[in-house]
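Presented below is the structure to which this report refers.
Since this is a predicted model, take the numbers as computed values, not measurements. Convention: sequence-line order gives letters A, B, ...; per-chain numbering from 1.
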Amino acid sequence: MIEMSNGWGGRVLRASAVLFSVGFLLAGCGAGQESAKNSSEAAAGGQDGGNNVVNVYNWGEYIDPEVIDLFQEETGIKVVYDMFETNEEMYPVIEAGGVVYDAVCPSDYMVEKMIQNGLLQEPDMSKIPNLKEIGKEFMELSALFDPGNRYAIPYTMGTVGIIYNEGMLDEMGVPYPTKWADLWDERLEGEILMQDSVRDAFMVALKKDGHSMNTTDDKELDMARDELIRQKPLVQAYVIDQVRDKMIGGEAAVGVIYSGEILYIQEAVADTDMRISYVVPEEGTNLWVDCWVIPKNAKNKENAEKWIDFLCRPDIAKMNFDYITYTTPNTGAMELLDPEYRENEAVFPDMEKVLEKGEVYHYLGAEDDAKYNDRWKTVKMN
Amino acid sequence: MKSKGTRYLALPYIVWMCGFIVIPLLLVLYYGLTDRSGTFTFDNVRKIMLAENFRPLYLAMGLSAVSTLLCFLIAFPLALILRSRKVGKGSFVAFLFILPMWMNSLLRILAWQTLLERKGVINGILSSLHLPEQHLINTPAAIVLGMVYDFLPFMILPIYNTLIKIDDNTINAAYDLGAGFRETLLRIILPLSVPGIVSGVTMVFVPTLTTFAISNMLGGGKVFLIGNVIEQEFMLNSNWNLGSGLSLILMVFIIMSMALLSRYDNGEDAIL
């Protein structure tokens, strides 16, 4: 769901991405579609339409580079690897079709959108024997946005929860958070890091009041908007990837974060006296799954299936887990892991418990998306 | 004068202008005045009247006006000093002001983030001196600081350029005729440096009005400027039509302020 990047390198990458978008906006906002197409065509020039290639489009820093080398060695298939930073950035590239990818790794709601808009084709599941390694509960989870598990093969998953610095809370005399409502505790003024993304921010406010995070009911959304406005004075900053660095730096006491970041943070503070923990709030939370899919216009479908099958192989899935530290749905890989990891609830939550109140995001369609986006702007301007 | 040869020399520039300025602007115009289905509409432009679009514009105007004023207040005396010390264009002092521009401005803003953070460098120094800590990060003040820091050279250089062009004899004549320093400054130097001030103001006001990166990085996502609104429409909501419509409004504001400024610009070449 989020790109994994390491410390300063990541910041620099982000900065250059921002710089790129500045140039992009200055060069002419409206020209975006055009320029996206052009750059796609340029990229397509470097692609090989031949048989022994697989064109992969994945999140930045979302794979162990060695895995790519291993795949090329074992199969003789050349991997042409491109990266994106957000689902929203990936979608128009696939939709425009100027550049053709064989395997793409979008998140749940985006898979749903791509299915609905006819951008995907069904992989031949018999060509992906390692699919059996993906845990049953994860296939069920995936079926929520891919009915019948026809299109998507889960790659990583996780939850959204609250991260907190035990020492700082002890000092303030505030009990450790257990639910979303704790993020409205006035004693935490200036100590809260919220996610700077519409759906995640509204998810927190909606779940707090027992509503669905996929609601399109105007009253519920108005209520969530007002709650977010009420919370704003307590919030130190709305950030995305920076939650990680700010928690490590001791800038804030609590934050909303993706579970995949926890291992990295805990390892970063392992040598200090900081104790940082993660809790899945009791009102229920968002479960997200990033999946491999094959676009309709893919030229090397069989190679894409081989690629996906390779990634589902337990030893490979374990390599990837060690590198990106996002929860793997691969049961074979889980068995290979240190028990220490398996017992870490942030990384491997009790799926039964989480599924009970958890939800995945659904694609709502442009009109209902606008309901969220307009209200988010109101929260931001207040 | 104009031989065919020189006309051909302008060709690359014309191609550049069309490809990267005129055509993109026309596209902004097209997207701004149509809806998703491509039908003509004024709705996107009209939406600036909504509070969620208007207030960020208002805030952005305020912050960039303050930043521009601060830049001017810092830059003008500095340019005067540089002039009076007769430092040439290639001098070390002038070089020092250009030097930061060699570095990516976003990296420099990131550095400010690290400096201003609660557990950042500045607070570290302050607390070791037992001084009260600053709480600038994630406030409009931090954004103004970032804007001033980032765009100060764009104010200093044009003003400095016009100041060094003022003939010493003009100033000496003023003194000879009995004008004091204050009078010379206000009635001779200031009017003569207007072209430089105008281009300095334009070069600070316009980019600060449209920025979204500085407000994102130093405002902690809590300060929402018109640039952020437009960015959100493009990058998140993928509503290019609304984003373009709001960009058009922003352009109108910029053109208006430039037109206003150019009345004070007597057309001399105040170039950076």
Within residues 50-63 of chain B, the residues sitting under 4.5 Å from chain A by heavy atom, in sequence order, are B/A51, B/E52, B/N53, B/R55, B/P56

Please evaluate residues B/E233 and A/K377 with respect to the criterion side-chain contact (heavy atoms from CB on, under 4.5 Å), reporting the C-alpha separation (whole Å), side-chain torsions for both, the decisive distance (0.1 Å), and the verdict.
CA-CA 10 Å; B/E233 290 303 338; A/K377 271 162 78 177; 2.5 Å; yes

Quick check for you: to the nearest 0.5 Å, what is the distance between A/D374 atom CG and B/N239 atom CG?
8.5 Å

Turns out that what part of B/L218 lies under 4.5 Å from chain A's heavy atoms comes down to neither

Just wondering, are more than 12 heavy atoms of other shown residues or ligands nearer than 6.0 Å to OH in B/Y13?
no

To the nearest 0.5 angstrom, please state how far the CZ atom of B/F224 sits from the OH atom of A/Y238.
11.0 Å

How far apart are the C-alpha atoms of B/K222 and A/K380, what are their side-chain angles, what is the distance that settles it, and do they pass the side-chain contact (heavy atoms from CB on, under 4.5 Å) test?
CA-CA 6 Å; B/K222 292 181 79 180; A/K380 283 308 222 37; over 6 Å; no

How would you list, by chain and number, every residue that makes a salt bridge (Lys or Arg N to Asp or Glu O under 4.0 Å) with A/D170, sequence neighbours excluded?
A/R275

Does CE in B/M258 sit with more than 12 non-hydrogen atoms of other residues, nucleotides or ligands closer than 6.0 Å?
no

Between the main-chain N or O of A/Q236 and the side-chain N or O of B/N138, is there a donor-acceptor pair closer than 3.5 Å?
yes

Decide, yes or no, whether a salt bridge links A/E367 with B/R36 under the criterion of side-chain N to carboxylate O below 4.0 Å.
no

I need the B/R118 CZ to A/K246 NZ distance, nearest 0.5 Å.
9.5 Å

Give, as side chain, backbone, both or neither, the part of A/N373 having an atom under 4.5 angstrom from any heavy atom of chain B.
both

Just so I understand: if I count every heavy-atom pair under 4.5 Å between each of A/V235, A/D369, A/V239 and chain B, which residue has the most?
A/V235

